[in-house]
Amino acid sequence: MSTVVLDNVSKVYPGGVLAVDRMNLRANEGELLVLLGPSGCGKSTLLRMIAGLEEITSGDLWLNGEIANGMPPRDRNVAMVFQNGALYPHRTVRGNLAFPLEIAKADPNLVRDRVTELSRALRIDETLDRRPGTLSGGQRQRVAMGRAIVRQPSLFLMDEPLSNLDAGMRTELRMEISALVRALGITTIYVTHDQVEALTLADRIAIMNRGVLQDVGTPGQIYNDPATAFVAAFLSSQQLNLVACTVRAPQNQYILLDFGAHQLTIPWSDPRAYAISQHTGQQIIVGMRPDALSPVPDTYEGATLSGRVRTLEYHGHEWLAYIEAGLPSVAAPEPPDPRGRAADLEQRNGSGGRIRAMVRRLISGPPDDDIPDHPSGSASNSGSHRRADLIVRLGARPAWRAGDGARVAVDLSRLMVFKLDGSRIDTPKR
Ligand SMILES: Nc1ncnc2c1ncn2[C@@H]1O[C@H](COP(=O)(O)OP(=O)(O)O)[C@@H](O)[C@H]1O
Ligand SMILES: [Mg+2]
């Protein structure tokens with residue numbers, strides 16, 4: 001059993017790459033904590049610092065209440081599994097599983113019992129006499145996991161252990177990892193870039209981008225109540241609709257989210273109304289998941305947006321509709337790049353220029369916007385290549401066909417509102 005505390009931990013690689021930036025995080029005893037984030041955001045670096053394979057540049061690592069920055073890896077009682085769990089090719093599965101115990105000069109009877117027990121739990125007991133070369137990818141990863149836990153470590157670190165497997169095997173092994181680490185009660189930190197893996201496996205998720213922690217919470221907390229637009233977008237299984245709008249409060253009767261061609265009204269009774277009203281006269285970003293939108297007839301009286309169906313996309317269990325609604329859709333704002341780009345921009349543009357540059361980068365439509373430094377060719381000024389700016393999740397039988405006029409009901413309780421820098425306007429309840 002183990003607790004892990006990262007106190008303001010940073011990692012700068014030689015050459016000045018800031019891979020992890022002032023990370024504060026705690027993994028509780030027996031917890032399955034998933035580290036989630038896009039490729040290159042510093043997940044492996046963080047895991048390797050916890051394992052003692054990478055030096056910590058600044059900040060403190062605490063293992064079981066003890067500062068462990070300089071502790072040799074072998075004293076940490078940590079086991080690690082990588083994407084390609086490397087096995088000894090000339091040893092059988094049994095030999096691979098037994099190896100860490102043999103090195104530790106364990107009693108041969110104990111080795112035999114432990115290997116038998118573990119191979120059953122991992123469902124590789126039929127393969128004990130085979131060599132790794134004759135196993136499937138899924139079986140090899142099971143052996144790698146078995147070899148890591150056979151010594152009964154107090155901390156289990158897994159770095160994308162399923163990403164080389166096919167989808168079916170990934171799902172199967174995902175469930176088994178979950179059952180196994182919970183049955184053993186070993187504190188586990190599990191790295192992945194796959195949001196489904198994170199949501200299905202984790203007790204809590206810590207989500208990173210560019211070396212910076214973005215949000216921590218249970219899967220339900222960070223899915224329903226994300227701290228930033230980046231987190232909301234990263235956890236959306238379909239592309240999150242993000243739209244810029246101006247906040248207005250006509251005669252103080254209600255709050256108006258003004259998208260130009262469309263408006264949505266938020267009543268004062270809405271719990272977010274006060275927080276949004278603090279931005280009256282300013283631009284904000286509204287996030288709407290495709291499943292917070294649904295097709296309705298023209299006679300529908302609630303909050304709606306409307307447009308024309310550009311394309312329908314078949315996903316087997318559902319259809320997605322891509323609708324042109326003339327909304328100013330934006331990309332999820334990235335946190336400032338810790339590798340000096342923010343400072344660079346500031347120097348070049350002064351702060352007014354910096355904000356203009358950010359807004360220009362954010363606003364990806366409509367295409368007839370004048371964006372002077374846009375790569376040529378992709379943005380048309382004619383308006384004839386308008387991109388779809390609203391993605392709506394439909395059921396298995398779509399209500400529309402391409403080209404149809406579309407009216408879309410908006411579930412206002414599921415609107416997410418962000419400042420232009422991507423931070424939440426109504427702070428998450430954590
Ligand atoms: N040994 C290294 N030397 C220099 N830069 C590195 C090294 N390892 C990783 N990096 C850089 O650090 C950043 C984080 O990498 P990594 O921790 O591997 O991310 P992830 O595991 O999230 O994909 C990346 O920009 C990567 O290029
Ligand atoms: Mg990695």
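We count ligands from 1, going down the list as the structure has it; atoms in each ligand are counted the same way.
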Problem set entry | Distance-only N or O hit between ligand 1 and P14, under 3.5 Å | no
Problem set entry | Side chains of E29 and T3, donor plus acceptor under 3.5 Å | no
Problem set entry | Option set G37, G16, G40, criterion heavy-atom distance to atom 24 (C) of ligand 1, minimum | G40
Exercise. Does even one non-hydrogen atom of G42 get within less than 4.0 Å of ligand 1?
Worked result: yes
Exercise. Within 45° of the ring axis of Y190 and under 6.0 Å from its six-membered ring centre, is that where the NZ or CZ of R174 lies?
Worked result: no
Exercise. Is the shortest heavy-atom distance from the side chain of N28 to the side chain of T187 under 4.5 Å?
Worked result: no
Problem set entry | Metal proximity, S44 vs the Mg ion (ligand 2), N/O/S cut-off 2.8 Å | yes
For this session: State, yes or no, whether a side-chain contact exists between M169 and D166 at a heavy-atom distance under 4.5 Å.
Result: yes
Exercise. With no hydrogens and no angle check, do the side chains of Q214 and N209 hold a donor and an acceptor under 3.5 Å apart?
Worked result: no
Exercise. Does S39 have a non-hydrogen atom less than 4.0 Å from ligand 1?
Worked result: yes
Exercise. Do C41 and ligand 1 have an N or O pair less than 3.5 Å apart?
Worked result: yes
For this session: Would you kindly say whether D411 and S413 are connected by a side-chain donor-acceptor distance under 3.5 Å?
Result: yes
Exercise. Which atoms of ligand 1 sit under 4.0 Å from any heavy atom of A19?
Worked result: 12 (O), 13 (C), 14 (C)
